[in-house]
Amino acid sequence: MFVGRTKELKFLEDYYNSTENEMVVVYGRSGIGKTELLRLFSQDKNCFYYKARDCSEQEQLAGLQMELRERYYVERHENIYGEEEVSAYHQLFDEVLTTNELTTSGNGSNRLVVILEEFQLCVRQSDSFLPALIHLLTQEVRPVMLIVTCSSVNWVENDMVSALAEASTYISALLKVKEFSFMELSACFPDYTREDCMIVYGILGGIPRYLQYWDSRRSVKENIIHCILHKDSRLFNEAQRYLKSELRELSQYNTILAELAKGKHKLNELYEATGFSRAKISVYLKNLNQLEVTEKAFSLDHHKKENTKKGLYQIRDHYIHFWYQFVFPNQSDLEQHREEWVYENKVKPCLEEYLHPYYSQMVTQYMEMLNEYKKLPFSVSIHGKWFGKEGTIDYIGADEQNHLIAAKCKWSCQPMTQRDYENFLFLMMQIGMNAEYFYLFSKAGFSEDLLKKVEDQDHVKLLNLDDM
């Protein structure tokens, strides 16, 4: 089921409706949904689609030519021995432009959409590919929208411009396809409760390919075992496969990610736990940050900085976090088909604590949505978390006049109590933050004493999962 992506589709339609030849780079990690997005976008248009292979230039050209012959009935060109001659890129692109199968579309436009998936493979293989792209974009046979895709975020954001050289000047726009938000994920599971969706979000994140493996007919326990813990499951080795495709020295990254999953969030803690030099750790973390596997999180800048912890490193990718916390350290048991034991003794006792940061992330997305639709008491111009020596504040939002909204969330089977709220107020007082409004979020609702305490306090909002 295709959900969300309305902004991405509008973005592409705007460039399609241009009167100029356009080149749009669509990128995002593997499994993020680029192909499905482009399939939906191009379904009523004149479109030629080709997915590049990781092979030699000759094999790539032969594959592209074969698809033109078989799918669009382009005439074969044979040499004196009766064998088909392999054309160069610019000749093949000329054939794409003129083939009869691509001259009319359901929307009545003559504009041609050319989609080249994983185009960086062609860039690396051939010196003639980029001049052929320029030729395609500068020809006057018919208007063209060229969409090239890439699953290596690091290559696009750091190396693409230099690799493309002159061809980079023809790029009209870049579109980064990101993970689903919690709300978009919820649309994938219309029969799920908010709590069920939150659990899926915390474990798999918003990667569409991963979400396809989660069976809503099974319990959380059954899905975790069948999707992740079982040695023959689709996701058992996915974390390693993904990191291997992007990084070298996997053993070094495994070490750092395993320690992050154990709760070692400071550079000095990683130094002591891994035995690597601080400089080496910093380089590896920089590479992981570029892949958006990890991130360095900072407290929202505010006064009383002596109470604020410096930036903390954490695993950003939900599934990789889950994998390094529960699969990586338990592989001996899992290889022996003890996945049930691992779930009951390793996963289940820690799942509530593991999910709390993702509930906090969900709360932040909800507050952003309220702000976008002007449903907050004032317009928030800056927001973030605060974490310090005394504790953590899940959300702080401020307007231009520095009025504050603060939020606390609790992911627990126990309701939020008056004591939880008072501890929250005490923390705010300790760090010198005076918020005008408080939003309290709780998975299990609120105790009677808390409900009674705030019943006449309009500046305090109580929200459970069904309210979001």
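Just so it is clear, the structure is predicted and the values come from calculations on it, not from any experiment. What you see below is based on every heavy atom in this structure, not just the backbone, and it leaves out hydrogens, waters and symmetry mates.
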H383 and Y395: CA distance, side-chain angles, deciding distance, ring pair (Phe, Tyr, Trp, His ring centres under 6.0 Å) verdict: CA-CA 7 Å; H383 70 85; Y395 174 90; 5.7 Å; yes

So R209 and E36, salt bridge (Lys or Arg N to Asp or Glu O under 4.0 Å) or not? Walk me through it. CA-CA 11 Å; R209 181 187 295 166; E36 186 65 11; over 6 Å; no

Kindly indicate, with the supporting measurements, whether the criterion ring pair (Phe, Tyr, Trp, His ring centres under 6.0 Å) is fulfilled by F276 and Y271. CA-CA 6 Å; F276 302 157; Y271 164 72; 9.9 Å; no

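Between the E195 side chain and the L465 main chain, no donor and acceptor come within less than 3.5 Å of each other. Y437 places no side-chain N or O within 3.5 Å of a backbone atom of L376 that could act as its donor or acceptor partner. A side-chain donor-acceptor contact under 3.5 Å links S172 to the backbone of M23.
Side-chain atoms of N289 and T294 include a donor-acceptor pair closer than 3.5 Å. Judged purely by distance below 3.5 Å, without hydrogens or angles, the side chains of K385 and S299 never pair a donor atom with an acceptor atom. Judged purely by distance below 3.5 Å, without hydrogens or angles, the side chains of N223 and Y213 never pair a donor atom with an acceptor atom. Donor-acceptor pairing under 3.5 Å is lacking for the side chains of S251 and N254. A side-chain donor-acceptor contact under 3.5 Å links Y210 and E238. One side chain, N268 or R278, offers a donor N or O that lies under 3.5 Å from an acceptor on the other.
Listed by first and then second residue, the side-chain hydrogen bond (donor to acceptor under 3.5 Å, both in side chains) pairs involving residues 114-127 are T35-E117, Y49-E117, E57-S126, Q60-Q125, E117-T149, E118-Q120, E118-S151, S126-S128 (not counting sequence neighbours). Sorted by first then second residue, the salt bridge (Lys or Arg N to Asp or Glu O under 4.0 Å) pairs that include residues 163-189, not counting sequence neighbours, are E157-K176, K176-E292.
Under 4.0 Å is where a charged nitrogen must lie from a carboxylate oxygen, and between K10 and E13 no such pair does.
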